[in-house]
Amino acid sequence: MTENRGPGGPIEHGFPHLDTVHRAITALFRRLSCDGIRSYDTSFAPADAAFGPDDDLHLGAQRVASAMVRALGLPDARMVISYRKMEQAATVELAAGPEYFIEVNDRFRTHRRDLAAALAHEITHVLLHRLDLGFPTTAENEILTDTAAALLGTGWLLLDAYREDALTHQRLGYLTPEEFGYVLAKRGSLLGEDLSTWFTSPQAYEAYVRGRARADRDHRRAPLAAAGWAERRRYAAARRAGAAAPGSSYRFERHATDADGLRVDFPCPVCAQRLRLPVRGRIRARCALCHTVLDCDT
């Protein structure tokens with residue numbers, strides 16, 4: 001797992017990986033099912049992540065790793081943790097199991113606050129390996145791993161490891177801080193969870209708020225009925241033209257089987273699965289993947 005660290009290291013912000021994040025969320029819903037995603041209804045507890053200066057270096061790490069294994073539903077997976085000097089925050093050796101070998105950066109011997117965050121990413125790698133779920137490239141797989149960690153309840157630790165001030169620039173993982181906040185907000189909306197009081201890093205909380213605002217926008221985009229007035233006007237103009245404006249999340253398709261021959265294709269605001277509905281005004285639709293019922297005005 002990568003890390004940005006040091007007094008002057010640049011940290012990427014914004015939402016540059018959102019297309020891959022959306023594909024990752026959809027892939028997780030398809031592989032685990034809606035009920036499977038909902039079974040991860042309790043985020044990893046701060047008490048289980050605690051690894052203080054009085055804890056034994058190896059026993060404490062094993063305790064945190066064992067709790068992480070249980071949280072991610074890997075009851076027969078044993079993590080063997082060692083420390084060494086390395087540029088990355090941590091790496092994991094993926095094999096058939098049941099033992100998996102994780103190496104973590106030697107600095108976690110003393111900087112123990114973020115050890116659980118590093119383990120969250122690597123143990124999620126193990127989960128995806130067990131699920132046989134992956135993307136074609138290494139970069140996409142790392143985005144998938146961070147997205148899975150955030151969606152399944154351990155990734156908030158990776159966001160909380162983000163700190164950026166005059167003395168420290170630190171980020172763990174491959175998502176930007178705002179993208180972590182975005183996926184965590186998606187999880188919170190689905191499961192009724194609010195993590196806003198869990199963050200110990202002020203910068204992490206601010207990134208979570210920015211990500212949550214972006215996630216909230218997904219529920220107010222046309223053709224959803226909750227779309228704002230300006231968005232509705234743009235959509236109506238595009239509908240008359242039969243072609244969406246560049247950058248729109250929706251698009252129109254002609255289908256001879258429909259009375260008027262026009263359907264709108266748009267992403268579900270929960271799981272990002274694309275839906276296709278006839279253009280016929282107010283309609284309620286149920287996403288077949290995440291089972292969300294959507295009020296639409298097509």
**OP:** Measure the SG-CD distance between Cys290 and Gln273 for me, rounded to the nearest 0.5 Å.
**Re:** 8.5 Å

Original post:
Is the distance between the ring centroids of Phe199 and Tyr208 less than 6.0 Å?
Top reply: yes

Subject >> Residues Arg63 and Asp56 bridged, charged N to O under 4.0 Å >> reply: no

Original post:
Quick check: does any side chain N or O of Ser248 sit under 3.5 Å from a backbone N or O of Ala245, one acting as donor and the other as acceptor?
Top reply: yes

Subject >> Shortest non-hydrogen contact from Arg31 toward Leu131 >> reply: NE-O, 2.8 Å

**OP:** Begin with the C-alpha distance, continue with both residues' side-chain angles, and end with the deciding distance and a verdict on side-chain contact (heavy atoms from CB on, under 4.5 Å) for Cys34 and Leu289.
**Re:** CA-CA 7 Å; Cys34 180; Leu289 185 57; over 6 Å; no

Subject >> Pairing of Lys186 and Asp218 as salt bridge, 4.0 angstrom limit >> reply: yes

Original post:
Is it true that a side-chain atom of Glu122 and a backbone atom of Leu119 form a donor plus acceptor pair closer than 3.5 Å?
Top reply: no

Subject >> Carboxylate-amine/guanidinium contact Asp106 Arg84, below 4.0 Å >> reply: no

Original post:
Does Arg171 reach the side chain of Pro177, with side-chain heavy atoms less than 4.5 Å apart?
Top reply: yes

Subject >> Chi angles and distances behind the side-chain contact (heavy atoms from CB on, under 4.5 Å) call for Glu178, His13 >> reply: CA-CA 7 Å; Glu178 291 79 9; His13 287 280; 2.9 Å; yes

Original post:
If only atom types and distance count, is the side chain of Asp297 paired as donor or acceptor with the main-chain N or O of Pro223 below 3.5 Å?
Top reply: no

**OP:** Answer yes or no: is there a side-chain heavy-atom contact under 4.5 Å between Arg274 and Arg251?
**Re:** yes

**OP:** Answer with yes or no whether the side chains of Ser43 and Arg187 bring together a donor and an acceptor at under 3.5 Å.
**Re:** yes

Subject >> Any donor-acceptor pair under 3.5 Å from Gln62 side chain to Met79 backbone >> reply: yes

Original post:
How are the rings of Tyr182 and His22 set relative to one another: parallel (under 30°), tilted (30 to 60°) or perpendicular (over 60°)?
Top reply: tilted

**OP:** Please report the shortest heavy-atom distance between Ala148 and Leu128, naming the atom on each side.
**Re:** CB-CD2, 4.2 Å

Subject >> Side-chain donor-acceptor contact under 3.5 Å, Glu164 with Tyr162 >> reply: yes

Subject >> Separation of Glu231 CD from Arg221 CZ (nearest 0.5 Å) >> reply: 7.5 Å

Original post:
Is there side-chain contact between Arg286 and Thr292, with at least one heavy-atom pair below 4.5 Å?
Top reply: no

Original post:
What distance separates Ser66 OG from Asp48 CG, expressed to the nearest 0.5 Å?
Top reply: 10.5 Å

**OP:** Examine distances only and state if a side-chain atom of Arg239 and a backbone atom of Thr298 form a donor-acceptor pair shorter than 3.5 Å.
**Re:** yes

Subject >> Value rounded to 0.5 Å, distance of OH in Tyr250 from SG in Cys296 >> reply: 13.5 Å

Subject >> Pairwise side-chain contact, Thr147 with Glu142, heavy-atom cut-off 4.5 Å (strictly under) >> reply: no

Original post:
Does Asp146 have any salt bridge (Lys or Arg N to Asp or Glu O under 4.0 Å) partners at least two apart in sequence or in another chain, and if so, which?
Top reply: none

Subject >> Separation of Thr20 OG1 from Glu179 CD (nearest 0.5 Å) >> reply: 8.5 Å

**OP:** Check whether the side chains of Asp194 and Ser196 place a donor and an acceptor atom closer than 3.5 Å, and report yes or no.
**Re:** yes

Original post:
In the single-linkage hydrophobic clustering (I, L, V, M, F, W, Y; side-chain heavy atoms under 4.5 Å), do Leu57 and Phe101 co-cluster?
Top reply: no

**OP:** Taking only Lys NZ, Arg NE, NH1 and NH2, and the carboxylate oxygens of Asp or Glu, determine whether Asp114 and Arg163 approach each other closer than 4.0 Å.
**Re:** yes

Original post:
Side-chain contact, heavy-atom cut-off 4.5 Å: Thr176 with Ile11?
Top reply: no

Original post:
Under a single-linkage definition using a 4.5 Å side-chain heavy-atom cutoff for Ile, Leu, Val, Met, Phe, Trp and Tyr, are Val80 and Val64 assigned to the same hydrophobic cluster?
Top reply: no

Original post:
Please walk me through it: do Leu157 and Met68 pass side-chain contact (heavy atoms from CB on, under 4.5 Å)?
Top reply: CA-CA 11 Å; Leu157 292 161; Met68 193 80 64; 4.1 Å; yes

**OP:** Report yes or no: does Asn105 contribute a side-chain atom to a donor-acceptor pair with the main-chain N or O of Gln88 at less than 3.5 Å?
**Re:** yes

Original post:
Do other residues, nucleotides or ligands put more than 12 heavy atoms under 6.0 Å from the CG atom of Asp76?
Top reply: yes

Original post:
Should we say atom NE2 of His219 is surrounded by more than 12 heavy atoms from elsewhere, each under 6.0 Å from it?
Top reply: yes

Subject >> Nearest non-hydrogen partners of Arg109 and Arg112, listed with the distance >> reply: O-NE, 2.9 Å

Subject >> Donor-acceptor pair between Arg130 and Tyr100 side chains, under 3.5 angstrom >> reply: yes

**OP:** For residues Tyr174 and His121, establish whether the separation of their ring centroids is below 6.0 Å.
**Re:** yes

Original post:
Among pairs that include at least one residue of residues 32-58, which meet ring-ring contact (aromatic ring centres under 6.0 Å, His included), considering only residues two or more places apart or in two chains?
Top reply: His58-Tyr83

Subject >> Closest contact, heavy atoms only, Leu158 versus Ala149 >> reply: CD1-CB, 4.2 Å

Original post:
Do Glu140 and Arg23 come close enough that some side-chain heavy atom pair is under 4.5 Å?
Top reply: yes

Original post:
Please walk me through it: do Phe266 and Leu277 pass side-chain contact (heavy atoms from CB on, under 4.5 Å)?
Top reply: CA-CA 9 Å; Phe266 65 99; Leu277 299 179; 3.7 Å; yes

Original post:
Below 4.0 angstrom, N of the basic side chain to O of the carboxylate: do Glu253 and Arg276 qualify?
Top reply: yes

Original post:
Is there a side-chain contact between Thr200 and Tyr205, using heavy atoms and a 4.5 Å cut-off?
Top reply: no

Original post:
What pair of heavy atoms forms the shortest contact from Ala207 to Leu159, and how long is it?
Top reply: CB-CD1, 4.1 Å

Original post:
Is a donor on one side and an acceptor on the other found under 3.5 Å between the side chain of Gln170 and the backbone of Ala161?
Top reply: yes

**OP:** Grab the two heavy atoms, one from His291 and one from Ala288, that are nearest each other, plus how far apart they are.
**Re:** CD2-O, 3.6 Å

Original post:
Are any of the side-chain heavy atoms of Thr91 and Ile102 separated by less than 4.5 Å?
Top reply: no

**OP:** Could you tell me whether a side-chain N or O of His17 sits under 3.5 Å from a main-chain N or O of Ile143, the two making a donor and an acceptor?
**Re:** no

Original post:
What is the distance from atom CG of Leu151 to atom CD1 of Ile37, rounded to the nearest 0.5 Å?
Top reply: 4.5 Å

**OP:** Determine, using ring centers only, whether Phe252 and Tyr235 are less than 6.0 Å apart.
**Re:** yes

Original post:
Are Ser201 and Asp160 linked by a side-chain donor-acceptor pair shorter than 3.5 Å?
Top reply: no

